[in-house]
Amino acid sequence: MKLVSPWVALVFFSFGMCLVSCKSIQEMPEITITAEEQNAFRATEGDTITIASDKTEYEIIIIEPGFNFWLRSIARPEGYYSQSFLENRNRILVVEWNRRVTLPIQYDPNLYELQINYDWNVDYGYDVNYKLYNYFVYFQRKYQQRLGPFVPRI
């Protein structure tokens, strides 16, 4: 009996593992938007919000109609999430956001205009992370986008 070369066996093993680990493409679960949230999306009150921290010299300015109203009326209250949770989610979401900014042919450049300069080594504080995370949730729900592996829930 002829022995199989270790390289051939490795290729077949790798191919087999790929087939086992690959799943068929599944549709993303649809996000249910309540009437109250639809009203928040249509609101224009307080359409500019500044996210800043006294501890750092960084700020984010969001000019998005309805976000401030949505943040006050729909989003989970401050303190609901831990700062480490918010930081971890923001890292993932910022990376995907910035990737989409660099691909204007694939992603709508009117949605993804500017990159977010988020440095994981900087402690931006709770308020900045809370508002940035909630902006990502708001954005994903309003524009039916999916920035990460997580369904944007409230």
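This one's a predicted model, so the numbers in the text were calculated from it and none came from an experiment.
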CD/Glu96 to CD1/Ile116 distance, rounded to the nearest 0.5 angstrom?
11.5 Å
To the nearest 0.5 Å, how far apart are CD1 in Ile92 and CZ in Phe136?
11.0 Å
Leu93 versus Gln140, closest heavy-atom pair with distance:
CD2-NE2, 4.2 Å
Under a 4.5 Å side-chain heavy-atom rule over Ile, Leu, Val, Met, Phe, Trp and Tyr, are Tyr143 and Leu103 clustered together?
yes
List the steps and the verdict of side-chain contact (heavy atoms from CB on, under 4.5 Å) for Trp120 and Val95.
CA-CA 11 Å; Trp120 350 117; Val95 166; 3.5 Å; yes
Could you check if a side-chain atom of Leu86 sits within less than 4.5 angstrom of a side-chain atom of Asn88, using non-hydrogen atoms only?
no
Closest heavy-atom pair and its distance - Ala75, Ile154
CA-CG2, 4.5 Å
Determine yes or no for a side-chain-to-main-chain donor-acceptor pair under 3.5 angstrom, with Arg146 supplying the side chain and Phe150 the backbone.
yes
Would you call the rings of Tyr126 and Tyr130 parallel, tilted or perpendicular if under 30° counts as parallel and over 60° as perpendicular?
parallel
For Arg91, salt bridge (charged side-chain N to carboxylate O under 4.0 Å, His left out) partners two or more places apart:
none
Name the orientation class of the two ring planes belonging to Phe67 and Trp70 (parallel below 30°, tilted from 30 to 60°, perpendicular beyond 60°).
parallel
Search all heavy atoms of Pro109 against all heavy atoms of Pro104 and return the closest pair with its distance.
CD-O, 3.6 Å
Ring pair (Phe, Tyr, Trp, His ring centres under 6.0 Å) involving Phe85 - partner list, sequence neighbours excluded
Tyr81, Tyr133
What verdict does the side-chain contact (heavy atoms from CB on, under 4.5 Å) test give for Leu114 and Val101, after you've listed the backbone C-alpha separation in whole Å, the side-chain angles of each residue and the deciding distance to 0.1 Å?
CA-CA 6 Å; Leu114 300 171; Val101 169; 5.9 Å; no
So, Tyr118 versus Asn129: side-chain donor-acceptor pair below 3.5 Å or not?
yes
The complete set of salt bridge (charged side-chain N to carboxylate O under 4.0 Å, His left out) pairs with one or both residues in residues 77-89, sequence neighbours excluded, reads none
Distance (rounded to the nearest 0.5 Å) between Asn134 CG and Leu132 CG:
9.5 Å
Can you name the closest pair of heavy atoms from Asp108 and Asn110 and give their distance?
OD1-N, 2.8 Å
Dump the intermediate steps for side-chain contact (heavy atoms from CB on, under 4.5 Å) on Val137 and Arg153, then the final yes or no.
CA-CA 7 Å; Val137 172; Arg153 294 188 182 125; over 6 Å; no
So Trp97 and Gln115, do their side chains get closer than 4.5 Å, heavy atoms only?
no
Verify the neighbour count for atom CG of Asn117: are there more than 12 heavy atoms of other residues, nucleotides or ligands below 6.0 Å?
no
Report yes or no: does Arg141 contribute a side-chain atom to a donor-acceptor pair with the main-chain N or O of Pro152 at less than 3.5 Å?
yes
Would Phe69 and Tyr138 count as a close aromatic pair, with their ring centres under 6.0 Å?
no
How close do Lys131 and Leu71 get, counting heavy atoms only, and between which atoms?
CG-CD2, 4.0 Å
Tyr124 versus Asp119, closest heavy-atom pair with distance:
OH-N, 2.9 Å
Would you say the side chains of Gln145 and Tyr112 form a donor-acceptor pair under 3.5 Å?
yes
